[in-house]
Amino acid sequence: MNFRKNILLYLGLFVLIFFSYKVFTRYYFHDFLHEVPSVIGLSEKEAKKLLSKNDLEIKVMGEQYSHLPEGQIVVQNPKENSVVKSGRRIQVWLSRGKNLLEIPSLVGTNLLTAQSLVQQQGLIIDKITYIPKDLPYNEILATDPDLSKPVAKGSKISFLVSGSTSSSDLNLKVPDVIGYPVEDAKFILESEQLLLGNIIKKPSEGTESGIVLGTSIPAGRNVNLSTKIDLIISE
C-alpha cells in the first residue's frame, strides 16, 4: 500500500515539476528573451519600429562606406537570430554609400604614371590593351570606366594604350623579374607590353611562396610586342 502511495506521490511530483517548467520557460523566454531580427538594409526609423515590436532598442554606433544606399543599416550587433534579453540595445552602423573618387582624365597620360595614380587612389588595374597608333609609346587613349564621372574605391579599371604603327617590328627586351613577387613581375611585364604566359610552380627551399625563380625567355633577350613570358615561381 505504501509502495503504491509512493508511486502516486512521485508521479504527482513529476507532473508538477513538468508543468512548472513549461510555465516557467514559456513565461521567461517569451517575456525576457527575444530573437534578434535582421535590420540590415533598413533605415534607422524602420529598424527602430521593428525592434520595438520585440521589446528591443537601437543604438547607432557610426557610419561606414558600403554598397548599400546612404542611411541604410550595413552592420548590426548582435547578429540576426541571436537570443538576447528584453530591452537589449542592438548596435547598428549606417551606410555612407559608396566611397566615390573623382579622378581627372588620364587620356594622354603615360601608362606608368596612370597606373601609379589609380593604384594610389584605391582602384584595381584590370586589363591593358595595346593598339597600333602613331602616338607616343604607352600613351593612354581611353579608360574603362570613363573617368568623367566619380568611380567607387576598389573598382576595376582598364586602359587602352598606344603601341606602335608596326607592332610586329617593335623589338623589346625581356625585363629581369627574378626575385620579384609574381604580382609585381606581372605588372613589370605588362608595363613593357609583354604578356604573362603560364605560371609554373617549383619547390625552392628557403624561398617564400610566390617569388619568381626564372622566366621562359632569359632577361635581356629581344622579343616582339605582346610576347608571352612564362614565370617559374616558388611553391
Side-chain angles (χ1 to χ4, degrees), residues 22-107 109 111-128 140 142-160 180-187 190-191 199 208-211:
K22 283 290 188 179
V23 171
F24 170 77
T25 53
R26 181 177 181 183
Y27 173 77
Y28 185 80
F29 282 98
H30 279 244
D31 291 352
F32 290 98
L33 294 181
H34 300 274
E35 193 173 89
V36 179
S38 173
V39 294
I40 302 297
L42 301 181
S43 67
E44 181 184 353
K45 184 178 180 181
E46 292 170 335
K48 185 176 182 179
K49 184 177 180 180
L50 176 61
L51 292 174
S52 65
K53 292 179 179 179
N54 293 273
D55 200 18
L56 301 173
E57 298 180 10
I58 187 171
K59 183 177 182 180
V60 178
M61 303 299 295
E63 299 178 339
Q64 65 183 56
Y65 291 109
S66 79
H67 66 285
L68 293 177
E70 185 176 356
Q72 290 188 1
I73 295 173
V74 64
V75 178
Q76 70 175 77
N77 180 47
K79 295 182 179 180
E80 177 186 7
N81 297 327
S82 300
V83 177
V84 298
K85 290 183 179 181
S86 177
R88 172 73 178 269
R89 286 185 177 180
I90 307 303
Q91 299 174 332
V92 300
W93 284 258
L94 302 179
S95 173
R96 297 180 64 180
K98 293 181 180 180
N99 188 1
L100 297 178
L101 304 171
E102 292 188 2
I103 300 176
S105 174
L106 298 174
V107 175
T109 307
L111 174 63
L112 294 180
T113 303
Q115 287 176 315
S116 175
L117 176 62
V118 299
Q119 287 179 326
Q120 289 175 11
Q121 294 292 325
L123 300 183
I124 300 169
I125 297 173
D126 187 17
K127 296 178 182 179
I128 300 175
I140 302 291
T143 60
D144 181 25
D146 181 6
L147 296 178
S148 61
K149 297 179 180 180
V151 293
K153 188 173 183 178
S155 298
K156 291 184 177 181
I157 185 170
S158 297
F159 297 113
L160 182 65
Y180 284 87
V182 64
E183 289 300 321
D184 291 349
K186 180 182 177 182
F187 175 81
E190 289 179 344
S191 67
I199 295 178
E208 64 178 292
S209 177
I211 300 298

Roughly how far, to the nearest 0.5 Å, is the [atom2] atom of [Y] from the [atom1] atom of [X]?
X	Y	atom1	atom2	answer
Ser82	Leu33	OG	CG	12.0 Å
Lys186	Ile199	NZ	CD1	7.5 Å
Gln72	Glu46	CD	CD	8.0 Å
Leu106	Asp146	CG	CG	10.5 Å
Glu57	Ser86	CD	OG	9.0 Å
Met61	Gln91	CE	CD	4.0 Å

Locate the shortest heavy-atom distance separating [X] from [Y]; write the atom from each residue and the value.
X	Y	result
Leu147	Val151	CD2-CG1, 4.2 Å
Pro37	Leu56	CD-CD1, 4.2 Å
Pro145	Lys156	CD-O, 3.4 Å
Ile73	Ser43	CD1-O, 4.1 Å
Pro78	Ile90	CD-CD1, 3.6 Å
Lys153	Gln121	CG-O, 3.9 Å

**OP:** With side chain to side chain contact (heavy atoms under 4.5 Å, CB included) as the test, would you mind laying out the steps for Val118 and Thr143 before giving the verdict?
**Re:** CA-CA 11 Å; Val118 299; Thr143 60; over 6 Å; no
Could you check whether any side-chain heavy atom of [X] comes within less than 4.5 Å of a side-chain heavy atom of [Y], counting everything from C-beta outward?
X	Y	answer
Ile211	Pro181	yes
Glu35	Asn54	no
Glu44	Val92	no
Trp93	Asn77	yes
Ile140	Leu111	yes
Ile58	Val39	no

Output yes when a side-chain donor or acceptor of Ser52 lies under 3.5 Å from a complementary backbone atom of Lys49, and no otherwise.
yes
**OP:** Kindly say whether Leu68 contributes a backbone atom to a donor-acceptor pair with the side chain of Ser95 at under 3.5 angstrom?
**Re:** yes
- Message: Could you go through Val36 and Arg88, starting from their C-alpha distance and side-chain angles, then the distance that decides it, and tell me whether this counts as side chain to side chain contact (heavy atoms under 4.5 Å, CB included)?
- Response: CA-CA 10 Å; Val36 179; Arg88 172 73 178 269; over 6 Å; no
